[in-house]
Each structure stands twice: as C-alpha cells, then as structure tokens.
**Student:** 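Let me give you the structure first, and then I'll get to my questions.
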Amino acid sequence: MADTKREIERKYESDDSGLPDLTGVAGVESVVDKGVAHLDATYYDTPDERLAASAITLRRRTGGSDEGWHLKFPVAPGVRDEIQAPLSDTVPRSLAGLVRSRVREAELLPVVRLRSDRDVRDLVDAGGRLLAEVSVDAVRAERLTGDGGSAQWTELEVELADGGDPAFLDKVDKRLRKAGVRPSASASKLARALAETAPKKKRKKKQQAQQPVTAGDHVLAYVREQRDAIVELDPAVRQDVYDSVHRMRVATRRMRSAFRSYGKVLDRTVTDPIGDELKWLAGELGVDRDAEVLTERLAAALDELPRTLLSGPIRTRLRTWMNARRGGSRRRLTGVLDSKRYLTLLDSLDALVDDPPLLEAAAGKPEKVIAKAVRKDFGKLSALVEQALGLEPGHDRDLALHEARKKAKRTRYSAEAAAPALGSPATALTKSMKSLQNLLGDHQDSVMTRQTLRELSAVAHAAGESSFTYGVLYGREEARAAADEAQLPGAWQEVKDGMQV
C-alpha cells in the first residue's frame, strides 16, 4: 500500500552555491549538520513527456532515508502531494494506476537520471523539534532517451517539517534573500533537467494562453476545464479521497450540459456520442451515491427523534438495506478507470478540445450566441416549473418537479459557462439556479426517502418488527416536502425577477 505525504518546499539558486548562516532566523535555535547523502534518481515518463506537461514526477530513487518510488502531484506553487512505494525494479502497479488518466496506453520509460550530492542541515527549535530541512544539492543530470545531453547545477532546497507552519518558510526566505540567494526559475529538478538536456531543435518556448474571444472560445474553455477536472480527479478517485467521486461525476454532468446547451456552437453529431459515454461514466461513479444520500438523510432524521419515538431495530434495518444496495466498491471503480472504454473516452475528450467540431455560430459574439443559449435553457425551465405549480400535490407533481430540478441544473451549468463572457448577470443566474436546484433537490430526496421508508416498513412488518418509527419518519418527510412546495412559488418568482441574461 502506497503512503502519501504533503510536501511543502522552496527552491533557490545562489551564485556562490553556499548555504548562508540561518541561525538568525526567528525560532531557529540551532542548525544541525546531517552530513552528505548521495542520491541516484531515475525519472519515468511517456516518450512525449505527458507527466512532465502536467508537472507530475515519477521517479525511482536510491540513497537517502526515503529510497523507493516517489510520485508527486502538484497542489499549489511549492506544494506537492507525494505518494511513496517500496523500491522495486519496475514501476509499481499502485503508482502506474494513479497516472493512468495521463498516460493512457503509452509506455512509461526512463527519461532522465539525476545524481545529487545532498548536503543536509536541520533547522530545529529550542525544544529540539525539527522546523525544516535545508539542503545544498549538487546535481548532475543525464537524459536517457538517446537524443539529449547532460547538465549540472547547484541549488538550495528548504522543506518544511511534517505538520509545520508554512509561515516559517517566509522567515527562512527573508534570510536567504538578504544573503543574495534567489528563488529558482524551475519548479523542480526534473523540469530543469528536461529543459537543459533537451536537443536544441526540441526546445520550445512556453506559449501564453489566449483569452477567449468568440462564443466558441468561451464554450471550449468551459469544456476543456471539465476535461481537465476529470483527468485530474482520477488519482483522487482511485485513492478514495473524500468527495472526489462526486466532483468527477459533476464534471461529467457539466460537460454533457454544455454539449446540449451549446449545440449551436459544437456539432452534436460529434458531441452526442461522447455525451452518451459521459453518462455511462457518471452512472458508474454514482452506483452507491443515491443510496448513501438516503442513508445519511435517514440517519440524521433518526438522530433528531426523541428516544420515546424509536421502536424496533430500525438502525440495524437501515444498515442492512444500505449494504444490500452497495453495487460498487473501490476495486470495482478502479476497474472502470482502467477499462478500455474509459481510456477511449479520455482520448475522445482530448480529440474534441484539440480539434473541436465548431459550427458557424461558434464565430459569433459571445454576448449574443451564449446569451441566447442560456435564455433558451431558462425558457424550458420556466415551462416545467409553471407546469409543476399548476398540478395538485401528488405523484404527477413530484415527477414534474423532478424534471424541473434536472432542467434547473442544466440552466445553472449553462449560466456557469456563460459567466466569463456575460459577467454578473450570468453569475447571478448561476447562484439563483443553485438555490432553486437545492430546493427541488431536497423535495426529490424526500420523495425517494418516503419510498425507501415504505420498503423498510414492509420488510420490518413481515419480520414481526414494529413499523411505528417508519411512520413517524414518513410523516416528517411529508411535512418537509410540503414545506418545499410551499416555498417554491416565492422562490421561483425571485428567480424570474432577477433574470437579466
């Protein structure tokens, strides 16, 4: 099982390559010489360096106190999450899976070898507690792909101790700058090695991202953002990081919504098949989600009940119901993310953003083309809400409100995509749609909860258990749904009054 740690560090360059005296840094009682470590690291990537393009590093390193395999994902400038695995001859499967969304079917090969002589100092406080590790690294880089060269340099690195206060690095930074040390121009050793050992003909200047101008530019920027979110959330989903599954599912929904809302911009004969695959992925991601939501809702409702209203083994019955509906597991979901179908979907998304199927309207002005699409979605939502409000409470109204909820979500996403082009009117609409969606979502959750309570009550009754508490909960859910329905006319009127797109 791979271990994960948060790495917070800063890199520096110095003309004299020496380490300034750091005993004057506030909080530092002493600087402890830990000696020189000899590190030998081989970095792996695809032949076209897909990991490096995402600022991800995968290396096999010997020497030092943490030899083994290290996989690092960027979190923020100077902050990375490092996943470690024991030393082995080949890339560990656990790490290879975490870069699958970037690598796809490509082979991971050694691309660069870095050998470093690391002179280490520990900065400790008066109690002997480690504050940070400072090192002077003499680095020798060698490109292993056969078409590059070598390079060498010296750099300073300051890494915050586990659980340390990041503000301490500011104090060290101030002292280093006073001594003439400057921040490194490279984000990592690998980035510098790749740049300095690449054949001259392959060295490229970083291109500046162009600002969206046309309607097509804005829609593609939104679609690209969702593609990136899916790819970047893949490792978190595999590691079962909190809320990662939900966030990836939302990204698939946002993209599908953009395809439908902006069908005058992107050719739907191309996007519809991709949308079908996104729907499949969202379904796989949501196998357990609906049951989990209902279980959480019922558990919270039980916690609110006085003990005098609790009758029978209702909590046990709820756990049994939940376990019976668990169709997914981490292993099953990992299988989905490793599947040919999923990897093909990622390739399709790449092809879409690289060579988009733009229609004539894509060249139009955003304030005209995009605004028209948002108004169209809003008009459809309006018809559904008005229809639902005209029905008597009951099954038909529940269905109508559920359809309105789905359309509110789509309108929210289309307004969200429009915000960079249309500004505050689209931002305001996004906010109001979220509120409306939450209201309608609570109503739908109540509908599903009451259905579940009927099922649980019937099973409990058949087993000779009391169904009293199920009836109490059912009545409370009815009252909650009625309150949502009573609130809807006023909430909808506010939405209409605030619509400015």
**Student:** Going from CZ on Arg410 to CZ on Arg253, what distance comes out if it is rounded to the nearest 0.5 angstrom?
**Tutor:**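 Output value for this atom pair is 14.5 Å.
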**Student:** For Arg175 and Asp21, indicate whether the former's side chain and the latter's backbone hold a donor-acceptor pair under 3.5 Å.
**Tutor:**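 It does hold such a pair.
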**Student:** I'd like to know if the side chain of Tyr342 and the backbone of Gly335 have a donor-acceptor N/O pair within less than 3.5 Å.
**Tutor:** no
**Student:** Could you walk me through whether Arg80 and Thr57 pass the side-chain contact (heavy atoms from CB on, under 4.5 Å) check?
**Tutor:** CA-CA 10 Å; Arg80 294 186 290 182; Thr57 60; 4.0 Å; yes
**Student:** Which pair of heavy atoms, one from Val287 and one from Glu284, lies closest together, and at what distance?
**Tutor:** CG2-O, 3.3 Å
**Student:** Could you check whether any side-chain N or O of Asn438 sits under 3.5 Å from a backbone N or O of Lys434, counting only pairs where one atom can act as donor and the other as acceptor?
**Tutor:**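 Yes.
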**Student:** Do the non-hydrogen side-chain atoms of Ser414 and Leu429 ever get within less than 4.5 Å of each other?
**Tutor:**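 A side-chain contact under 4.5 Å is absent here.
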**Student:** How about Gln152: does its CD atom have over 12 heavy atoms from other parts shown lying under 6.0 Å from it?
**Tutor:** no
**Student:** Please determine if Glu133 and Lys34 form a salt bridge, counting it only when a charged side-chain N lies under 4.0 Å from a carboxylate O.
**Tutor:**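 A salt bridge is absent here (no side-chain N lies under 4.0 Å from a carboxylate O).
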**Student:** Kindly indicate whether the side chain of Leu98, heavy atoms from C-beta on, has any atom under 4.5 Å from the side chain of Gln239.
**Tutor:** yes
**Student:** Give a yes or no on whether the backbone of Gly63 and the side-chain of Glu67 come within a donor-acceptor separation of less than 3.5 Å.
**Tutor:** yes
**Student:** Does this structure show an ion pair linking Asp228 with Arg224, if we count only N-O contacts that are shorter than 4.0 Å?
**Tutor:**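 Arg224 and Asp228: not salt-bridged.
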**Student:** So which atom in Thr214 and which in Pro366 form the shortest heavy-atom distance, rounded to 0.1 Å?
**Tutor:**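 Shortest heavy-atom separation between Thr214 and Pro366 comes out as C-CG, 3.7 Å.
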**Student:** Would you kindly say whether Thr344 and Asp347 are connected by a side-chain donor-acceptor distance under 3.5 Å?
**Tutor:** no
**Student:** Would you say that Arg256 contacts Thr252 through its side chain, given a criterion of any heavy-atom pair below 4.5 Å between the two side chains?
**Tutor:**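 A side-chain contact is absent here, since even the closest heavy-atom pair is not under 4.5 Å.
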**Student:** Could you go through Lys174 and Asp170, starting from their C-alpha distance and side-chain angles, then the distance that decides it, and tell me whether this counts as salt bridge (Lys or Arg N to Asp or Glu O under 4.0 Å)?
**Tutor:** CA-CA 6 Å; Lys174 184 177 181 180; Asp170 294 332; over 6 Å; no
**Student:** If you define the side chain from C-beta out and look only at heavy atoms, does anything of Ser116 sit under 4.5 Å from Glu155?
**Tutor:**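 Contact flag for Ser116/Glu155 side chains = no.
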**Student:** Rounded to the nearest 0.5 Å, what separates atom CG in Leu422 from atom CD1 in Ile370?
**Tutor:**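 The distance works out to 6.0 Å.
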**Student:** Is it true that Thr197 and Arg143 share a donor-acceptor pair across their side chains at a distance under 3.5 Å?
**Tutor:** yes
**Student:** Just by modelled atom types, is the Ser186 backbone N or O under 3.5 Å from a matching donor or acceptor in the Ser184 side chain?
**Tutor:** yes
**Student:** Taking all atoms of both residues into account, what is the closest heavy-atom pair of Glu105 and Leu343, and its distance?
**Tutor:** OE2-CD1, 3.5 Å
**Student:** When you measure from the side chain of Asp45 to the backbone of Arg50, do you find a donor-acceptor pair of N or O atoms at a distance under 3.5 Å?
**Tutor:** yes
**Student:** Would Arg6 and Val79 count as a side-chain contact (heavy atoms from CB on, under 4.5 Å) if you check the C-alpha gap in whole Å, the side-chain angles of each, and the deciding distance to 0.1 Å?
**Tutor:** CA-CA 7 Å; Arg6 176 64 54 88; Val79 183; 3.3 Å; yes
**Student:** Would the distance check show the side chain of Arg129 and the main-chain N or O of Ala126 forming a donor-acceptor pair, the cut-off being under 3.5 Å?
**Tutor:**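 No; zero donor-acceptor contacts below 3.5 Å.
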**Student:** Which value, rounded to the nearest 0.5 Å, describes the distance between Thr430 atom OG1 and Tyr413 atom OH?
**Tutor:**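 That separation rounds to 11.0 Å.
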**Student:** Any donor-acceptor pair under 3.5 Å linking the side chain of Asp137 with the backbone of Val139?
**Tutor:**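 Judged by distance alone, no pair lies under 3.5 Å.
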**Student:** Salt bridge or not between Arg238 and Asp338? Use side-chain N to carboxylate O under 4.0 Å.
**Tutor:**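 So Arg238 pairs with Asp338 through a salt bridge.
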**Student:** Can you find a pair of side-chain heavy atoms, one from Val223 and one from Thr271, that are under 4.5 Å apart?
**Tutor:** no
**Student:** Walk me through whether Trp69 and Leu58 qualify under side-chain contact (heavy atoms from CB on, under 4.5 Å).
**Tutor:** CA-CA 7 Å; Trp69 286 90; Leu58 172 63; 4.1 Å; yes
**Student:** Can you confirm whether more than 12 heavy atoms, excluding those of Asp355, are under 6.0 Å from its CG atom?
**Tutor:** no
**Student:** How many angstroms lie between atom NZ of Lys406 and atom CG of Leu381, to the nearest 0.5 angstrom?
**Tutor:**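 One finds 13.0 Å between NZ of Lys406 and CG of Leu381.
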**Student:** Where do Tyr44 and Val111 come nearest, in terms of heavy atoms and distance?
**Tutor:** C-CG2, 4.3 Å
**Student:** When rounded to the nearest 0.5 angstrom, what distance separates NZ in Lys11 from OG in Ser188?
**Tutor:**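 Nearest 0.5 Å value for the NZ-OG distance: 7.0 Å.
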**Student:** If you measure only the distance, is there a donor-acceptor pair under 3.5 Å linking the side chains of Gln437 and Arg412?
**Tutor:** yes
**Student:** Is there a side-chain contact between Leu108 and Val99 in this structure, where contact means two heavy atoms from C-beta onward sitting under 4.5 Å apart?
**Tutor:** yes
**Student:** So, Lys5 and Glu159, do they make that salt bridge, N to O below 4.0 Å?
**Tutor:**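 Salt bridge flag = yes for Glu159 with Lys5.
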**Student:** If the threshold is 4.0 Å, N to carboxylate O, is there a salt bridge linking Arg121 and Asp33?
**Tutor:** yes
**Student:** Where do Ala52 and Leu194 come nearest, in terms of heavy atoms and distance?
**Tutor:**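 The answer is CB-CD1, 3.5 Å.
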**Student:** Using a 4.5 Å cut-off on heavy atoms from C-beta on, say whether the side chain of Lys189 contacts that of Glu157.
**Tutor:** yes
**Student:** Salt bridge check, Glu13 against Arg192: does any charged N sit closer than 4.0 Å to a carboxylate O?
**Tutor:** yes
**Student:** When you check the gap from the basic side-chain N to the acidic O, do Asp442 and Arg297 get nearer than 4.0 Å?
**Tutor:** yes
**Student:** Could you check whether any side-chain N or O of Ser339 sits under 3.5 Å from a backbone N or O of Val336, counting only pairs where one atom can act as donor and the other as acceptor?
**Tutor:** yes
**Student:** Quick check: does any side chain N or O of Arg227 sit under 3.5 Å from a backbone N or O of Val353, one acting as donor and the other as acceptor?
**Tutor:** no
**Student:** Nearest 0.5 Å, what's the OG-CD distance between Ser54 and Glu232?
**Tutor:**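 Nearest 0.5 Å value for the OG-CD distance: 7.0 Å.
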**Student:** How far apart are the C-alpha atoms of Val172 and Leu131, what are their side-chain angles, what is the distance that settles it, and do they pass the side-chain contact (heavy atoms from CB on, under 4.5 Å) test?
**Tutor:** CA-CA 11 Å; Val172 178; Leu131 299 173; over 6 Å; no
**Student:** Is any side-chain heavy atom of Tyr43 closer than 4.5 Å to a side-chain heavy atom of Leu144?
**Tutor:**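 With C-beta onward as the side chain, the pair stays apart.
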**Student:** Quick one: closest heavy-atom pair of Leu114 and Leu190, and the distance?
**Tutor:** CD1-N, 4.3 Å
